[in-house]
Amino acid sequence: MADKQFVKEIADINVDFPQWYTDVVLKTQLVDYGPIKGTMVIRPYGYAIWENIQKELDARFKATGHQNAYFPMLIPQSLLNKEAEHVEGFAPEVAVVNVAGGEKLAEPCVIRPTSETIICSMYSKWINSYRDLPLKLNQWANVVRWEKTTRPFLRTSEFLWQEGHTIHAIREESLAETLDMLHLYHDFARDVLAMPTFIGQKSEKEKFAGAEATYGMEAMMLDGKSLQAGTTHHFGQKFSKAYDIQFLDKDSKHKYVWQSSWGVSTRLIGAIIMAHGDQRGLVLPPKVAPIQTVVIPVAAHKAGVIEKAAEIAEVLKSCGIRVELDVRDQSPGWKFNEWEMKGVPVRIEVGPRDIEQGVVTFSRRDTCEKATMPINGIAKSVAVLLDDIQTKMYEKSLAFRDSHVKLAHNMDELGKVLDDKCFAKVVWDKNPACEALFKEKFQATVRVMLDEKPFQNVCACCGHKSDDLVVALVARAY
RNA sequence: CGAGGUGUAGCGCAGUUGGUAGCGCGCUUGGUUCGGGACCAAGAGGCCAUGGGUUCGAAUCCCGUCACUUCGACCA
């Protein structure tokens with residue numbers, strides 16, 4: 001139910017952004033807290049967003065030659081332990097099952113924090129020849145990571161995600177896959193989530209436990225902080241050596257496979273909320289909105305109003321638009337606020353005045369502008385409107401982001417840029433000591449931008465010259 | 001794990017110097033309404049987080065525990 005109090009509370013989105021976020025996800029009924037701390041229950045309205053994300057992403061995976069599969073949730077501890085860096089990275093946050101069927105297990109098993117280990121162990125059985133490669137699998141699953149502090153969607157003890165795991169005969173191919181998927185995520189965020197992102201490489205310190213290189217996609221939230229919205233990893237042969245995934249190549253030699261993995265999670269829903277939301281609540285991009293258009297009869301007791309509203313809803317539905325007819329016994333204004341809070345992109349009002357003139361009144365959620373459109377050809381008009389909202393939302397986000405990215409030539413400038421709630425681009429010599437300083441002084445993380453030329457000849461942090469200067473994105477992150 | 005904050009009706013909160021429980025929203029029923037959060041009437045709903053003290057008497061004072069939450073450190 002809509003909540004009058006809530007609308008007052010969220011009136012100023014900038015006062016306490018994290019609190020605004022938490023209120024929005026709870027009060028728009030996307031999620032509820034689970035009985036175990038740090039877990040969330042995804043309610044139907046929230047889950048429908050995830051389903052739309054899944055559908056769109058899955059189509060893109062299939063189109064690039066990936067197949068879906070499923071691997072067990074429980075993993076023998078010994079299996080997890082095979083790759084040293086991987087264990088070390090995940091050990092603090094795995095949940096372990098010691099008892100099952102009323103008896104203590106001979107070997108404890110862990111609940112997957114990610115599935116590299118189980119998938120690699122199967123790959124080693126399945127792969128014999130270069131003819132078996134490449135193998136490009138994806139899994140839609142839940143994983144458990146016992147995080148210290150949690151927040152709905154952004155960090156929960158259990159979350160839903162997809163994890164792709166591919167193996168290849170040659171290094172160039174697995175590396176290309178890693179970068180291709182990074183770009184696939186980037187395009188997906190742009191086209192479906194209406195969200196511009198930066199793609200870049202993570203530092204040695206921040207890369208995935210067991211990876212040779214980790215890449216990330218960073219989205220800018222409305223408070224100027226960064227949210228990692230997806231990652232891809234290049235494993236090289238680290239896992240294939242640990243799990244013995246070998247194939248017989250054309251030259252009759254046994255070789256280890258080259259491997260990539262990549263994933264996005266329900267965190268994307270959090271990203272949508274914090275990148276597009278406003279004082280009234282959610283603003284959902286039409287492509288992921290569970291309800292794209294809500295039809296609200298006005299003065300519903302008058303003859304013919306409900307019938308006309310139902311007829312319009314039916315027309316829209318038959319044209320593939322996700323539509324809801326709201327005939328609940330509430331005042332129109334109440335419904336307007338409720339659906340605005342829930343982020344429905346287009347609202348259509350059908351009242352006696354409209355019907356008389358052969359039009360409907362509509363309001364678009366992204367701008368809250370109100371106008372009328374003819375009932376004739378309404379399905380086409382709404383489809384065009386939804387496309388326009390999708391486009392405008394991206395343009396708005398892009399403009400916001402571009403105006404919040406600034407160059408910083410030294411540490412003083414960097415501090416100012418970050419305090420200004422902006423992302424900074426700096427030139428960096430890749431020295432871990434500088435990275436540590438970014439973190440210590442500004443609580444900021446770095447991503448190495450791909451294909452960008454340094455705009456000065458010294459590191460912004462230490463001032464040293466170097467042959468290996470890169471442009472890095474420095475931001476405070478969630 | 002460190003520092004704050006909060007636990008009273010489904011939600012948001014009052015509750016005075018200790019005297020046995022209130023408000024708003026929501027919910028139920030009936031009626032009138034309906035173009036930006038309508039109105040009237042009648043209802044239902046509480047072991048005041050929990051364990052111990054102090055007291056004739058505790059939501060209120062004291063000590064402990066637990067839960068939630070915000071900010072740090074760690075991570076998708």
Side-chain angles (χ1 to χ4, degrees), chain A residues 1-9 16-23 26-27 29 32-38 89-94 113-114 142-163 185 202 205-209 214 216-219 226-233 261-271 280 296-302 305-306 326-341 347-357 359-363 368 370 372 439-440 443 445 476-478:
Chain A
M1 282 298 114
D3 187 332
K4 200 185 288 183
Q5 230 153 359
F6 171 54
V7 174
K8 280 184 204 137
E9 283 164 18
D16 190 347
F17 194 63
Q19 189 61 52
W20 169 88
Y21 173 82
T22 306
D23 286 349
L26 291 174
K27 297 194 175 175
Q29 301 195 324
D32 202 349
Y33 291 121
I36 289 181
K37 181 178 160 62
F90 280 103
E93 56 195 45
V94 290
T114 175
N142 58 337
V143 289
V144 169
R145 298 182 187 176
W146 222 254
E147 302 285 357
K148 300 235 165 40
T149 58
T150 59
R151 184 174 293 163
F153 292 125
L154 302 187
R155 178 162 300 105
T156 46
S157 299
E158 177 185 357
F159 57 94
L160 302 179
W161 76 347
Q162 62 65 217
E163 44 179 330
Y185 286 152
K202 286 202 184 187
K205 186 173 165 295
E206 291 204 29
K207 74 182 186 187
F208 179 82
T214 289
M217 169 171 84
E218 301 284 332
S226 173
L227 181 71
Q228 182 181 305
T231 49
T232 74
H233 313 289
S261 89
W262 27 272
V264 298
S265 71
T266 37
R267 174 180 265 195
L268 287 178
I269 297 172
R280 294 168 189 245
I296 298 175
V298 176
H301 59 293
K302 302 229 168 102
V305 171
I306 287 196
D326 187 356
V327 292
R328 290 174 300 172
D329 186 19
Q330 294 285 358
S331 74
W334 188 92
K335 293 177 184 174
F336 298 168
N337 282 288
E338 155 126 334
W339 293 115
E340 277 168 4
M341 185 172 79
R347 179 183 73 237
I348 287 176
E349 304 168 21
V350 182
R353 286 212 302 270
D354 297 306
I355 296 171
E356 203 175 300
Q357 296 167 30
V359 300
V360 295
T361 303
F362 72 92
S363 169
C368 291
K370 225 165 151 170
T372 59
K439 178 134 210 181
E440 191 190 317
Q443 299 84 48
T445 55
R476 297 203 168 111
Y478 276 97

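Computed from a prediction, not measured in an experiment: that's the story for all the values here. Just so it is clear: chains get the letters A, B, ... in the order the sequence lines come, proteins before strands, and each one is counted from 1.
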Check: Y33(A) side chain, L26(A) main-chain N or O, donor-acceptor pair, under 3.5 Å: no
Taking OP1 and OP2 of [N], is either one under 4.0 Å from a side-chain nitrogen or oxygen of [X]?
X       : N      : result
Y33(A)  : A67(B) : no
R328(A) : G37(B) : no
K207(A) : C75(B) : no

Between K439(A) and E206(A), does at least one N-O distance fall below 4.0 Å, as a salt bridge requires? no
When rounded to whole Å, the CH2 to C1' distance for the pair W161(A) and C75(B) reads 12 Å
When syn is taken as a glycosidic angle within 90 degrees of 0, is C27(B) syn or anti? anti
Is the glycosidic torsion of U8(B) within 90° of 0, making it syn, or is it anti? anti
Hey, what are the protein-to-nucleotides 34-36 of chain B N/O distances that come in under 3.5 Å?
{"unit_1": "C34(B)", "atom_1": "OP2", "unit_2": "H301(A)", "atom_2": "NE2", "d": "3.2"}
{"unit_1": "C34(B)", "atom_1": "O2'", "unit_2": "A299(A)", "atom_2": "N", "d": "2.7"}
{"unit_1": "C34(B)", "atom_1": "N4", "unit_2": "H301(A)", "atom_2": "ND1", "d": "3.1"}
{"unit_1": "G35(B)", "atom_1": "N7", "unit_2": "R353(A)", "atom_2": "NH1", "d": "3.4"}
{"unit_1": "G35(B)", "atom_1": "O6", "unit_2": "G351(A)", "atom_2": "O", "d": "3.2"}
{"unit_1": "G35(B)", "atom_1": "O6", "unit_2": "P352(A)", "atom_2": "N", "d": "3.1"}
{"unit_1": "G35(B)", "atom_1": "O6", "unit_2": "R353(A)", "atom_2": "N", "d": "2.6"}
{"unit_1": "G35(B)", "atom_1": "O6", "unit_2": "D354(A)", "atom_2": "N", "d": "3.1"}
{"unit_1": "G35(B)", "atom_1": "O6", "unit_2": "D354(A)", "atom_2": "OD2", "d": "3.4"}
{"unit_1": "G35(B)", "atom_1": "N1", "unit_2": "D354(A)", "atom_2": "OD2", "d": "2.3"}
{"unit_1": "G35(B)", "atom_1": "N2", "unit_2": "E349(A)", "atom_2": "OE1", "d": "3.1"}
{"unit_1": "G35(B)", "atom_1": "N2", "unit_2": "D354(A)", "atom_2": "OD2", "d": "2.9"}
{"unit_1": "G35(B)", "atom_1": "N2", "unit_2": "T361(A)", "atom_2": "OG1", "d": "2.8"}
{"unit_1": "G36(B)", "atom_1": "N7", "unit_2": "K370(A)", "atom_2": "NZ", "d": "2.7"}
{"unit_1": "G36(B)", "atom_1": "O6", "unit_2": "E340(A)", "atom_2": "OE2", "d": "3.4"}
{"unit_1": "G36(B)", "atom_1": "O6", "unit_2": "R347(A)", "atom_2": "NH2", "d": "2.5"}
{"unit_1": "G36(B)", "atom_1": "N1", "unit_2": "E340(A)", "atom_2": "OE1", "d": "3.4"}
{"unit_1": "G36(B)", "atom_1": "N1", "unit_2": "E340(A)", "atom_2": "OE2", "d": "2.8"}
{"unit_1": "G36(B)", "atom_1": "N2", "unit_2": "R280(A)", "atom_2": "NH1", "d": "3.2"}
{"unit_1": "G36(B)", "atom_1": "N2", "unit_2": "N337(A)", "atom_2": "OD1", "d": "3.0"}
{"unit_1": "G36(B)", "atom_1": "N2", "unit_2": "E340(A)", "atom_2": "OE1", "d": "2.7"}

Tell me the closest heavy-atom pair linking P332(A) and V298(A), and the distance in Å. CG-CG1, 4.1 Å
Going by heavy atoms in the side chains, are W334(A) and R328(A) under 4.5 Å from each other? yes
Student check: side-chain heavy atoms of D326(A) and E338(A) closer than 4.5 Å: no
To the closest 0.5 Å, what do you measure between CG (N337(A)) and CZ (R280(A))? 7.0 Å
Over all strands shown, is [X] touching base, sugar-phosphate only, or nothing at heavy-atom distances under 4.0 angstrom?
X       : result
T231(A) : nothing
E147(A) : base
T149(A) : base
E206(A) : nothing
L154(A) : base
S157(A) : nothing
F153(A) : base

First encountered from the 5' end of RNA chain B, between K335(A) and Q228(A): K335(A)
For RNA chain B, the dot-bracket notation using Watson-Crick and G-U wobble pairs below 3.5 Å, [ ] for pseudoknot-type crossings and | for other-strand pairs, is (((((((..((((.....[..)))).((((((.....)))))).....(((((..]....))))))))))))....
Measuring from the side chain of R155(A) (C-beta onward, heavy atoms only), which nucleotide among C71(B), C75(B), U70(B) has the closest atom? C75(B)
